[in-house]
Amino acid sequence: LATGPRQNNGVFYEIRTYDIKPAKMKEFVEMVNKYLHFRTAHSELVGFWYSELGAMNKVLHIWKYDNFAHRTTVRHALANDKDWQGKFISAALPLMEKQHNEVAYLVPWCQLGRPPKEGGVYEWVTFQMKPGGPALWGEAFRAAINAHINTGYTTLIGVFHTEYGLLNRVHVLWWNESPDHRAAGRHSAHEDARVVAAVRNSVRFLESQQNVLLIPLQCSPLK
């Protein structure tokens with residue numbers, strides 16, 4: 001099935017989600033903040049968050065790679081980095097219950113953004129779309145995203161569609177000043193005829209969706 005157009009270069013993003021043992025979440029976050037500089041010496045970190053609402057005891061982090069050869073080189077270097085392996089990996093693995101990763105591209109009409117200021121919260125929304133990729137649902141989905149942007153209550157950071165992992169999945173990363181600011185904006189959006197019409201058209205291609213409220217770690221480039 002056609003996936004449709006995407007960016008012309010080979011840049012992709014690896015999305016990693018870890019389930020942390022409930023009693024070990026604080027310890028894990030402290031370790032990440034302390035030792036992540038060993039990891040970021042090898043490749044670019046987009047952001048690192050922990051879940052606050054919608055999921056519990058999860059962390060999510062996004063890494064940028066130039067291409068698959070770049071990722072292979074980085075993974076090899078990490079395996080041989082004594083500081084990273086000895087100070088973080090050996091101590092962090094016993095704190096984890098499960099690891100999951102996906103490879104995703106930015107949709108062709110989206111560039112990775114930044115929030116207007118530090119602070120605030122992030123919302124990670126996952127849409128499982130019908131098979132066919134952006135060639136099928138891309139324009140309707142884009143219209144729904146733009147309708148929310150145009151209300152002015154939220155800031156779009158990125159829209160990613162999967163290449164490895166569960167296919168026809170789209171992740172949208174939003175930024176809001178606070179959970180209450182987001183809630184007020186959502187209530188207004190639900191009463192906006194432009195948003196309602198765009199969403200109604202997009203959900204024709206939707207199978208399911210889920211969202212998580214995320215808090216950035218101290219070490220996260222996106223704060």
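All heavy atoms count here, side chains included; hydrogens, waters and symmetry mates do not.
- Shown here are the ring pair (Phe, Tyr, Trp, His ring centres under 6.0 Å) partners of His148, two or more places apart in sequence or in another chain: there are none.
- The salt bridge (Lys or Arg N to Asp or Glu O under 4.0 Å) search around Arg169 returns Glu102, not counting sequence neighbours.
- Qualifying side-chain hydrogen bond (donor to acceptor under 3.5 Å, both in side chains) partners for Asn101, counting only residues two or more places apart in sequence or in other chains: Glu14.
- In terms of the salt bridge (Lys or Arg N to Asp or Glu O under 4.0 Å) criterion, Lys130 has no residue partners (sequence neighbours excluded).
- Looking at residues two or more places apart in sequence or on another chain, you find no side-chain hydrogen bond (donor to acceptor under 3.5 Å, both in side chains) involving Thr155.
- For the ring pair (Phe, Tyr, Trp, His ring centres under 6.0 Å) test, residues two or more places apart in sequence or in another chain that qualify with Phe48 are His61.
- For Asn57, the side-chain hydrogen bond (donor to acceptor under 3.5 Å, both in side chains) test picks out no residue, with sequence neighbours left out.
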Atom pairs and distances, donor-acceptor, side-chain atoms in residues 109-118, under 3.5 Å, two or more places apart:
unit_1 : atom_1 : unit_2 : atom_2 : d
Arg114 : NH2    : Pro221 : O      : 2.8

Quick one: side chains of residues 24-33, donor-acceptor pairs under 3.5 Å with protein atoms, not counting sequence neighbours, listed by atom name and distance.
unit_1 : atom_1 : unit_2 : atom_2 : d
Lys26  : NZ     : Glu30  : OE2    : 2.5
Asn33  : OD1    : Gln218 : N      : 3.3
Asn33  : OD1    : Cys219 : N      : 3.0
Asn33  : ND2    : Val29  : O      : 3.4

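- Ring centroids of Tyr13 and Phe160 are separated by less than 6.0 Å, placing the two rings close together.
- The number of heavy atoms from other shown groups lying within 6.0 Å of CZ (Arg194) does not exceed 12.
- For the pair Val103 and Thr162, the minimum side-chain heavy-atom distance is 4.5 Å or more.
- Taking the ring centre of Trp63 as origin, the terminal cationic atom of Arg39 falls inside the region bounded by 6.0 Å and 45° from the ring axis.
- Scored by the salt bridge (Lys or Arg N to Asp or Glu O under 4.0 Å) test, Lys223 finds no partners at all (sequence neighbours excluded).
- For residues 177-222, the set of pairs meeting the ring pair (Phe, Tyr, Trp, His ring centres under 6.0 Å) definition, not counting sequence neighbours, is empty.
- With sequence neighbours left out, Asp83 forms a salt bridge (Lys or Arg N to Asp or Glu O under 4.0 Å) with Lys87.
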